[in-house]
Amino acid sequence: MNLELNQDRQMIRGAAEDFLSAYSDSAKVRAAHAAGGIDAEAWRRIAGELGWCGIAIAEEHGGLGLGLFELALLQEQAGRFLLAAPLFATACLAAPLLAEAGTDAARQHWLPALAAGELTATVALSARGLDPFAVGDGMYAGRDGDDYLLTGRCRHVPHALGADLVIVAARFSANVESTALFALPADAATLTPLATLDQGRPVAELRLNGVRLPAEARLDDGDAAAIVRGLSRAAIALAAEQLGLALQCLDLTVAYVLERQQFGRPIGSFQAVKHRLAETMVKVEAARSAVYGAAAEADAGISDDELLLAAASAKTVADAAARFAAQEAIQLHGGVGFTWEYDPHLYFKRAQAFSHWLGSADAWRERVAAKLLEDAA
Amino acid sequence: MNLELNQDRQMIRGAAEDFLSAYSDSAKVRAAHAAGGIDAEAWRRIAGELGWCGIAIAEEHGGLGLGLFELALLQEQAGRFLLAAPLFATACLAAPLLAEAGTDAARQHWLPALAAGELTATVALSARGLDPFAVGDGMYAGRDGDDYLLTGRCRHVPHALGADLVIVAARFSANVESTALFALPADAATLTPLATLDQGRPVAELRLNGVRLPAEARLDDGDAAAIVRGLSRAAIALAAEQLGLALQCLDLTVAYVLERQQFGRPIGSFQAVKHRLAETMVKVEAARSAVYGAAAEADAGISDDELLLAAASAKTVADAAARFAAQEAIQLHGGVGFTWEYDPHLYFKRAQAFSHWLGSADAWRERVAAKLLEDAA
Amino acid sequence: MSEQIESLRRELADWLTPRLAGQFGQLRHRGGPGDEDALGAERKEWEQELARGGWSCVGWPTEHGGRGLTIAEQVAFHEEYARLGGPGRMGHIGEGLIGPTLIAFGTPEQQQRFLPGIVAGTEFWCQGYSEPNAGSDLANVQTRAVQDPATGHWRVHGQKVWTSLAHESDWIFVLARCEPGSQGHKGLIFLLMKLDQPGVEIRPIRQLTGTSEFNEVFFDGAIAEAGHVVGAPGDGWKIAMALLGFERGVSTLGQQMHFAHELELLVDTARQNGAAKIPAIRARLAEAALGLKVLRANALRMMAGADDGQLHREALSYKYAWSNWHRELGQLAADVLGPDGDVIDGELNRLQQVYLFSRSDTIYAGTNEIQLNLIAERALGLPREPRPNANPKG
Amino acid sequence: MSEQIESLRRELADWLTPRLAGQFGQLRHRGGPGDEDALGAERKEWEQELARGGWSCVGWPTEHGGRGLTIAEQVAFHEEYARLGGPGRMGHIGEGLIGPTLIAFGTPEQQQRFLPGIVAGTEFWCQGYSEPNAGSDLANVQTRAVQDPATGHWRVHGQKVWTSLAHESDWIFVLARCEPGSQGHKGLIFLLMKLDQPGVEIRPIRQLTGTSEFNEVFFDGAIAEAGHVVGAPGDGWKIAMALLGFERGVSTLGQQMHFAHELELLVDTARQNGAAKIPAIRARLAEAALGLKVLRANALRMMAGADDGQLHREALSYKYAWSNWHRELGQLAADVLGPDGDVIDGELNRLQQVYLFSRSDTIYAGTNEIQLNLIAERALGLPREPRPNANPKG
């Protein structure tokens, strides 16, 4: 398990930071919010010349063949700069799900285009949203000869509008083990955009009413554990974005308290403020250890049980760091922290929204407890 | 509901404080610990001339006819000064249980002697200790003609050794509704003292093996709700003792940080220390509001449901205050806070032990949630 | 509960219930912090309806147009009003803050000029204390007031911020520096100023909710009449602090009934969307309910406490306690809503408002940090912060 | 994992397992913080057994009698040792602190005199830094060292406190003030002193556990030989700080395996006594397990980090992180034990030890408060505390 930030990794991180600090500053982010949640220019460059979508895709499928660790480094910067683009949906959610659970044919068909940044993709996971513990819930699959018929709805499909590929999870029975994945043609999807507090990560509701799909639309080969693996990887990548949110909240706030004077001194010289920020840093570093550790383990190749534990540690610890750091950013900015004009609320809303994606901390903890205590609870 | 600290109440509180600060100082408490957990001299005066045992017992039974509020004021001081005497077991646990759940005959037989301070009493509640949600669990009652036969064990019976009256809860069936209360003659009880971390509140295990009791040993008239009421009142009185523990931890620590110099100034002048103590005070005041509020409501006469809620608020909030204050007392005393010689550990151990008596915070919260959400969970 | 209080409650309910079921139905449970920008005109009408019913300024002495209710009666009034869903009071700064201040410190002329409009619900007030460079350091006032020797009027230059409801108000009370070169608490003046005059500009502040109920108010030579100084010039700080003292009144119990209403909505939501099955959510809902019960006991202790002019421990800790309880309720609301909490259906729903707006509770009227300083220094007697050296990095 | 490391693990396991199943069976999982007073003589024997097996000072260079293991190998050694229940190391202050200090700063004579006894497990060391009036203010040293002009020896007067294992040790290293009138970091000397000599008195401190593993050490004219000064007189602070730097070593991973063992015991207990059915306990157990996993990743980051002599963020936050994690584990242990946690059966059981002894984790080696200061100032660049005025109440 390799946790070293070697030169290659430092270069990846530095390049992402340089690009996003220029192309995803507060003004551009807010403009993207007004334009439906996508900064088209930033995304064109990220998917195109920067090649971020292919970083963790295997070389045989046209990617760079690096790991989740390197993807996490990009995601951390995306979090810091509130990137308004479908990087998460495409490269962190759809791609690893395909890579883990897709058939050879599906992978060969889709991954090269994803790696090349030619397609944007997303996943419609369940009626409860991006809940890894309810995959396929609310979407039912039937068969008619060789065709499949899909009926149901999925909520909170991220960056669904405009996606070239929507992967839909659907069940043949109530049993989660019966879940299958399908590629939905863009014209078959009835998508209703949902207005969100976090305007930079738009979601939509997908409704299907007996939509007919040909046999080749089926992406998986029936291995439920592989779907769990793909989603665990996605959870780690999302945790990396939470880490970036947390880090930026800390940095913004440190800068503010050094600047802002009260009672004749910078408020950052008050010990209570110092300690609050120090506690925030402890949580940020814990999140970084959790995310980097989980990504490195996933890259090293671990058992499904260990991967679940890795995802649980990354997601719960990064969620906690992001929520705490965003809360403290608002609090320590004082009155202006509460305004639309200053940035803390953007981080605050996103951190909260993400905390419900790919498993809440409560749900992950119960999953871990059940393993630890070897019972089903 | 009367929350006013009127002159009478101030007098009661002041007298208790005066007495205990003189008769239950650290040296006397430690001597009592070495002597089996009872300060015989203090108890003689409390039960005798001071008449604390009768304060909340009705006048018709020889008590002063004041309320749980006044008893709570005494208990608060008992907590502050780590009283090593069976005041809680006798006046806060056995007496209200008898008063609420006892038959007329039982009350007339026992309460006057308790009020007069002539008897010490305690309650053996269940095999899980003083758990109000498991009353009678582990102790089975059978009938043989008019007699009763008791078999089973109860753990953590407070101040059981030397008690003149041990009230035993036992069930006729697995059903908690079948619980009855019995007066156990001192010579019938097989008591095994258990060594405890909190040496000032000794407990024992009670084992009975087919002990035969006459019909008149039965104390209750079969009203399970009345038993719950008695135990809810006991929980409020115990919460008052936790409040006192919390308050004294705060006071001890404030005094210490004003005295102790580091880096050329009293450590109490560091804002981080100030804020920690201020947070402790907020919790102590919350505990005081919870305990006084609950006691005043109980005295005003409220429904069983409301009493349960009152007990839940007092017990959970006072537990939290006592545990937090004791933790911070050790922490802010630094190295000496960790020694046997200084007092913080005495409060720390007692606060933790009490947190498991008469319902843990987790158990109370689930009870409240079930009511709030109107389900059984 | 005494018969008198019971009858007051019944009288209020009899008056309130039909109105909130009928003509004013859309106002039920509306307004108040987090929802102050809603239905401005309708809520002003409501204030006048309240006045016609004799339900405005119920705690004021009768000679000033109030109802002269006792503390216990005021508690009952505020609780019952909020319990029945009475709308957030547009007139609360007049009724709760400046009115009592004028009754205590105003001249007879000021009382005659201003109190009737407050009682009648025809003149609305806002508060001009905070300044952009002051924040928690309230005494760092830079707004200047200069007296015109000819007219005796005061010309005011400067800027106030976080002024709630300025855009709906007619008057503002302003703390300004009238002695050039003075610092801190000294040399301040307490002025009453008309908002609709040249030299006053009101700019709404957009909050993280997307709505605006706070404002910046700019003064560029606007006038306060000579007769509209409360107390003497130089006494401004004393008046301002006394006014804040009126804030911690019985109306806190009304606020708690609002909280209870929010908690009720939250419990309903949790039952409907299944969050009530999550053990951690159950425990937090129970903790919230118990915490609110404790806040109520705390407020009752404040009222039962010795009236010796001192802030006792329960009063000193109350702001910190309720604001953090409420912020945590907001977080719990977001967690109960789950992913749907991020979705907006037209406008923010009540629980989203609570979630977002409660972020301000631990900031305004003394941040958490200031509250803890106050508690440590005033209640626990711990030393004040040492003053910094010239070079605090040294 | 490389083949080399795997074979090291196997070699250690093959050596350790039969011994911990046989002759040294009673030492399995014993010793270490919270249990240091247990089985002193047996653990000294164990240190010598380790030495005979070539398992002491494995990270030291071979020329000083060590095994010259790489960082990765040392990690594997410490993890495997702790995982198999290897007893708490009586020699860890010699091996981990004073040994590396002497290797870095000692004279050849000092190295020849002291290192072999450490490697062989025949001479044991303790640490004389803290003083009763210093606490977190480590530089506030009042112990005095005066040089005898005739012999060159140093006579020491003063008192040290919180000296772990002094009653089991042969030598102590002492930070003392050698320049009268000097203050703070300046004018200090780093001395090596024999404990068994006139003018040294060791008094055990009884802890809240009822046991004693810390001591007070009193010096009343005891002697440090002229040749037993490390560095130059006046360089004491530099040496002392360098020594503390060695503390954050790979052995932290061994500590984590102890934690893992404690967590395992706790999980077993919860399953047996039914606490595992309580949702809040389940969540806390899961959180503890995940937290430990994060501590491990944190330690691995520390080792993978740039070796540029700086303390990076993950290293600066580590003490705060692990000590608070462990204190919370202790609290969880008490809550899992429930009312039975208050009952002592002969001596404290392991979980009671964890509960009580973990209280010291957030105090020794830099309290929580000091750690947060360090993080704020060194990692975040926030200003240092302003110095107080003469009258801090002013």
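Letters go in sequence order (proteins before strands), and every chain restarts at 1.
With chain B as partner, the option from D:Gly210, D:Gly341, D:Gly338 having the largest number of non-hydrogen pairs under 4.5 angstrom is D:Gly338. No other option in B:Gly334, B:Gly129, B:Ala361, B:Ala272 has as many heavy-atom pairs under 4.5 Å with chain D as B:Gly334. In terms of heavy-atom pairs under 4.5 angstrom with chain B, the leader among D:Gly184, D:Pro339, D:Ala139 is D:Pro339. The choice from D:Pro279, D:Gly346, D:Ser360 that makes the most heavy-atom pairs within less than 4.5 Å of chain B is D:Ser360. Per-residue heavy-atom pair counts under 4.5 Å with chain D were compared for B:His345, B:Lys349, B:Arg155, B:Arg323, and the maximum is reached by B:Arg323.
Residue D:Asp345: no heavy atom, backbone or side chain, is found under 4.5 Å from chain B. For B:Leu346, no part lies under 4.5 angstrom from a heavy atom of chain D. D:Phe357 touches chain B through backbone and side chain together, each having a heavy atom under 4.5 Å away. Contacts between D:Ile278 and chain B at a heavy-atom distance below 4.5 Å involve the side chain alone, from C-beta outward. Proximity to chain B involves both the backbone and the side chain of D:Leu356, based on heavy atoms less than 4.5 angstrom apart. In this structure, chain D has a heavy atom under 4.5 Å from the backbone of B:Arg128, while its side chain stays farther away. For D:Asn273, no part sits under 4.5 Å from any heavy atom of chain B, backbone or side chain. For D:Leu337, no part sits under 4.5 Å from any heavy atom of chain B, backbone or side chain.
Of the inter-residue distances, the one linking D:Asp361 atom CG with B:Phe338 atom CZ reads 8.0 Å to the nearest 0.5 angstrom. The distance from the OG1 atom of B:Thr196 to the CG atom of D:Asp340 is 12.0 Å, given to the nearest 0.5 Å. Taken from CD in D:Glu369 to CD in B:Gln271, the straight-line distance is 13.5 Å, to the nearest 0.5 Å. Atom CG of D:Asn140 is separated from atom CZ of B:Phe263 by 9.0 Å, given to the nearest 0.5 angstrom.
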**Report entry** Stepwise side chain to side chain contact (heavy atoms under 4.5 Å, CB included) check, D:Leu348 with B:Leu197
**Finding:** CA-CA 9 Å; D:Leu348 298 181; B:Leu197 291 177; 3.6 Å; yes
Query raised in the report: Between D:Ile344 and B:Leu194, does a side chain to side chain contact (heavy atoms under 4.5 Å, CB included) hold up when you go through it step by step?
Result: CA-CA 7 Å; D:Ile344 310 167; B:Leu194 305 173; over 6 Å; no
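Taking the six-membered ring for Trp and thresholds of 30 and 60 degrees, B:Phe348 and D:Tyr355 have nearly parallel ring planes, at less than 30 degrees apart.
For the residue pair B:Gln331 and D:Thr362, a side-chain donor N or O sits within less than 3.5 Å of a side-chain acceptor on the partner. Inspection of the B:His156 and D:Asp342 side chains reveals no N or O donor paired with an N or O acceptor under 3.5 Å. Looking only at atom types and distance, the side chain of D:Asp335 has a donor-acceptor partner in the side chain of B:Gln352 under 3.5 Å away.
Atom CD of D:Glu201 has more than 12 neighbouring heavy atoms from other residues, nucleotides or ligands inside a 6.0 Å radius.
Annotation for D:Trp162 and B:Val336: closest pair CZ2-N, 3.5 Å, computed over non-hydrogen atoms.
In this structure, B:Asp362 contributes its side chain and D:Ile281 its backbone to no donor-acceptor pair below 3.5 Å.
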